[in-house]
Structure formats: C-alpha cells, structure tokens
Amino acid sequence: MTTLAAFALSIGTVTLPDPGQAQQPVFPSLPRGTYVAAQYTCTEYIEAGLLRLDANGISPPKSTCKIVSADERSATYESTCHENDTPSEQERVKLKIEPLTKQSLRVNGIVYNYCKDL
C-alpha cells in the first residue's frame with residue numbers, strides 16, 4: 001500500500017478510546033469535502049496533493065480512512081485505512097492533524113485548503 005505508506009508518519013503513542021464510546025464526527029468546524037495542498041490551487045493540482053475529509057476521517061486519493069483513536073492535546077490521530085480496490089487489507093496510520101482556519105488544516109506539516117467544487 002504505497003499510497004498509504006507515503007501518507008503515514010509515525011509520531012508516538014496514541015490513546016485508544018473506549019470501544020463502546022459513540023464516535024463524534026471528526027473536526028466538526030471544517031467543511032466536508034476535498035482539500036488541496038497549499039502549493040496547488042483548486043483548479044491546478046496533482047492527485048497526490050489531495051485529501052478528502054468526511055465524518056470518519058481524512059483520506060488520501062483512492063483510499064478510505066477512519067479515525068479510530070485520538071490524542072487531541074497533541075493533535076495525534078490514528079486511522080485504519082484501506083485502498084478502495086482492496087477493502088479487506090487494512091493498515092493503521094498515525095497522523096498529526098491541526099485545524100488552522102475554518103477552511104484549512106495541517107496534516108503532518110503540510111497545509112491543505114478546502115476546495116468547494118472538487
């Protein structure tokens with residue numbers, strides 16, 4: 001899973017939530033949809049510079065991820081991810097995710113901006 005491996009960054013221990021605890025949507029203040037790395041625009045980008053934010057987490061192109069644990073104090077999140085064409089092969093990735101504004105966030109040091117029409 002090279003896309004997911006490139007997406008992941010090991011950054012320490014993550015606190016696992018109680019399995020019976022109801023999951024809240026992640027980053028409720030940010031709009032759901034596609035974000036593009038700040039070096040690109042919403043009309044000129046490469047696929048590797050895109051992320052998708054949905055109620056379950058942040059996913060790179062051609063993959064689906066779900067945040068399964070979080071340490072919000074350190075902005076560290078752990079997700080289970082799989083390539084869309086092989087959903088049975090899951091991988092865990094650790095990310096540092098920081099909302100910056102109402103339409104931007106930083107993931108592992110890279111700033112992404114929301115693109116409404118993507």
Please determine whether residues Leu53 and Leu51 belong to a single hydrophobic cluster, defined as Ile, Leu, Val, Met, Phe, Trp and Tyr linked transitively by side-chain heavy-atom distances below 4.5 Å. yes

Full working for side chain to side chain contact (heavy atoms under 4.5 Å, CB included) between Leu30 and Tyr35: CA-CA 11 Å; Leu30 293 170; Tyr35 287 74; 3.5 Å; yes

Side chain to side chain, Thr80 and Val93, heavy atoms closer than 4.5 Å: no

Let me confirm one number: the OG1-CG distance from Thr34 to Asp117, rounded to the nearest 0.5 Å. 10.0 Å

Side-chain heavy atoms of Tyr77 within contact of Val68, under 4.5 Å: no

Can you tell me if Thr41 uses its side chain to pair, donor with acceptor, with the backbone of Glu44 under 3.5 Å? yes

Should we say atom OH of Tyr45 is surrounded by more than 12 heavy atoms from elsewhere, each under 6.0 Å from it? no

Is the side chain of Arg52 donor-acceptor paired with the backbone N or O of Ser63 at a distance under 3.5 Å, no angle test? yes

Cluster question for you: counting only ILVMFWY and a side-chain heavy-atom cut-off of under 4.5 Å, with indirect links fine, are Leu95 and Ile110 together? yes

Shortest non-hydrogen contact between Ala75 and Glu98, atoms and distance: CB-CG, 3.8 Å

If you measure from SG on Cys42 to CG on Leu50, what distance do you get to the nearest 0.5 Å? 9.5 Å

Over all heavy atoms of both residues, which pair between Asp54 and Val26 is shortest? Give the atoms and the distance, please. O-CG2, 3.6 Å

When you compare the side chain of Thr64 with that of His82, does any pair of heavy atoms fall below 4.5 Å? yes

Kindly determine whether Tyr40 and Tyr112 satisfy ring pair (Phe, Tyr, Trp, His ring centres under 6.0 Å), including the steps that lead there. CA-CA 9 Å; Tyr40 304 109; Tyr112 291 84; 9.3 Å; no

Residue pair Asn56 / Ile67, side-chain heavy-atom distance below 4.5 Å: no

Salt bridge (charged side-chain N to carboxylate O under 4.0 Å, His left out) with Glu78: of Lys66, Arg92, Lys94, only one passes, and it is Arg92

Would you confirm whether Ser79, through its side chain, and Cys65, through its main-chain N or O, come within 3.5 Å as a donor-acceptor pair? no

In one Ile/Leu/Val/Met/Phe/Trp/Tyr side-chain cluster, 4.5 Å: Leu105, Val111: no

Are any non-hydrogen side-chain atoms of Pro31 and Gln103 less than 4.5 angstrom apart? yes

Step by step, would you call Glu83 with Lys62 a salt bridge (charged side-chain N to carboxylate O under 4.0 Å, His left out)? CA-CA 6 Å; Glu83 302 286 339; Lys62 300 181 182 176; over 6 Å; no

Are any side-chain N or O atoms of Asn113 and backbone N or O atoms of Val36, one a donor and one an acceptor, separated by less than 3.5 Å? no

Nearest heavy atoms of Tyr114 and Gly33, plus distance in Å: CE1-CA, 4.1 Å

So does Gln39 have more than 12 non-hydrogen atoms from other groups sitting under 6.0 Å from CD? yes

